[in-house]
Amino acid sequence: QVQLVESGGGSVQAGGSLRLSCVASGYPYSNYRMGWFRQAPGKEREWVATISTLAYSTYYADSVKGRFAISRDNAKNTLALQMNSLKPEDTAMYYCARSSSAVSSLPRNAVDFDYWGQGTQVTVSS
């Protein structure tokens, strides 16, 4: 069965960095686009970034552009999110997700993602 398992969350001061990882299993990983989402308490789930199957293209929310970098290693079935210059407003549960959408552009809507990990908490203090 499809499984996505995130790790790497933690607590960090503003301006610091964290690297999140997601290990995928149970499906041909390189065939699917992947994304990261986040959800802060009391807020809706927010799209963060998406990466194409062979990592040729990436797409970022304006709120993280220039600070976060999404990457993937298809040989290891892993997805990563490097987060730099973290801000308190980045505090949230972070989720990796698989997209099976056939849209030509990189997806950013949650409905275009069919499998989700359990999440990893990121807390940024000021």
Side-chain angles (χ1 to χ4, degrees):
Q1 71 278 22
V2 174
Q3 281 194 317
L4 300 171
V5 180
E6 302 97 334
S7 61
S11 297
V12 64
Q13 289 193 326
S17 298
L18 282 174
R19 184 176 179 85
L20 307 183
S21 296
C22 173
V23 179
S25 61
Y27 70 100
Y29 178 69
S30 62
N31 289 357
Y32 291 81
R33 294 176 286 189
M34 298 293 295
W36 287 98
F37 286 76
R38 66 187 182 185
Q39 188 168 18
K43 295 188 176 181
E44 293 187 354
R45 189 166 295 191
E46 175 190 17
W47 168 74
V48 174
T50 305
I51 189 167
S52 61
T53 55
L54 299 181
Y56 292 155
S57 298
T58 57
Y59 186 25
Y60 296 94
D62 288 344
S63 57
V64 306
K65 198 175 298 182
R67 300 188 298 121
F68 290 12
I70 187 172
S71 61
R72 66 189 296 164
D73 184 336
N74 286 345
K76 297 181 179 179
N77 286 10
T78 57
L79 179 73
L81 184 69
Q82 178 66 43
M83 304 186 296
N84 300 325
S85 302
L86 283 161
K87 304 176 181 180
E89 51 264 43
D90 294 319
T91 295
M93 186 74 78
Y94 283 72
Y95 300 89
C96 68
R98 185 189 86 166
S99 176
S100 58
S101 171
V103 296
S104 58
S105 57
L106 289 180
R108 59 174 293 173
N109 295 313
V111 295
D112 291 323
F113 292 80
D114 56 356
Y115 283 93
W116 300 77
Q118 83 290 348
T120 186
Q121 178 67 37
V122 171
T123 302
V124 184
S125 58
S126 57

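Computed from a prediction, not measured in an experiment: that's the story for all the values here.
Taking hydrophobic clusters as Ile, Leu, Val, Met, Phe, Trp and Tyr residues chained together by side-chain heavy-atom distances below 4.5 Å, Trp116 shares a cluster with Met93. In the hydrophobic clustering of ILVMFWY residues, with side-chain heavy atoms under 4.5 Å counting as a link, Val103 and Tyr115 come out apart. By the rule that hydrophobic residues join a cluster once side-chain heavy atoms approach within less than 4.5 Å of another member, Val48 and Leu106 end up as members of separate clusters.
The heavy-atom pair separating Ser101 from Arg33 by the smallest distance is O-NH2, 2.7 Å. When every heavy atom of Gln82 is checked against every heavy atom of Ser17, the shortest pair comes out as NE2-CB, 4.0 Å. Between Thr91 and Gln121, the closest heavy-atom pair is CG2-NE2, 4.1 Å. Residues Ser100 and Asp114 share a closest heavy-atom pair of OG-OD2, 2.9 Å. Nearest heavy-atom pair across Ser125 and Pro88 is C-CG, 4.5 Å.
None of Arg38, Lys87, Glu46, Met83 except one satisfies the side-chain contact (heavy atoms from CB on, under 4.5 Å) rule with Val64; the exception is Arg38. With respect to Val12, the side-chain contact (heavy atoms from CB on, under 4.5 Å) criterion is satisfied by exactly one of Thr123, Leu86, Asp90: Leu86.
Between Phe68 and Tyr60, the distance separating the two ring centers is not shorter than 6.0 angstrom.
No side-chain heavy atom of Thr53 sits under 4.5 Å from any side-chain heavy atom of Ser30. For the pair Lys76/Tyr29, no side-chain contact is recorded, criterion being any heavy-atom separation below 4.5 Å from C-beta on. Looking at heavy atoms from C-beta onward, Tyr94 lies in side-chain contact with Leu81 at the 4.5 angstrom threshold. By the 4.5 Å heavy-atom criterion applied to side chains, Gln13 and Val124 are not counted as neighbours. Counting only heavy atoms from C-beta outward, the side chains of Tyr32 and Tyr27 approach each other to under 4.5 Å. A 4.5 Å side-chain heavy-atom check between Glu6 and Ser21 finds every atom pair outside the cut-off. Contact annotation: the side chain of Trp36 approaches that of Leu79 to within less than 4.5 Å [non-hydrogen atoms, C-beta and beyond].
Side-chain contact check for Asp112 and Ser99: no donor-acceptor pair (N or O, by modelled atom type) lies under 3.5 Å. Judged by distance alone, the side chains of Asp73 and Thr78 never bring a donor and an acceptor atom under 3.5 Å apart.
Here the CD atom belonging to Gln3 is positioned 9.5 Å from the CD atom belonging to Gln118, to the nearest 0.5 angstrom. Taken from OG in Ser7 to CZ in Arg19, the straight-line distance is 10.5 Å, to the nearest 0.5 Å. To the nearest 0.5 Å, atoms OG (Ser85) and CZ (Arg67) are separated by 7.0 Å. Rounding to the nearest 0.5 Å places CG of Leu54 at 7.5 Å from CZ of Arg72. Atom OH of residue Tyr59 and atom OG of residue Ser52 lie 13.5 Å apart, to the nearest 0.5 angstrom. Taken from CG in Leu4 to SG in Cys22, the straight-line distance is 4.5 Å, to the nearest 0.5 Å.
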One pair to check against side-chain contact (heavy atoms from CB on, under 4.5 Å): Thr50 and Ile70. What are the steps and the verdict? CA-CA 7 Å; Thr50 305; Ile70 187 172; 5.5 Å; no
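Salt-bridge formation is detected for the pair Asp62/Lys65: a Lys NZ or Arg NE/NH1/NH2 atom is positioned less than 4.0 Å from an Asp or Glu carboxylate oxygen.
No cation-pi contact links Arg98 to Phe113, judged by a cut-off of 6.0 Å to the six-membered ring centre and 45° from its axis.
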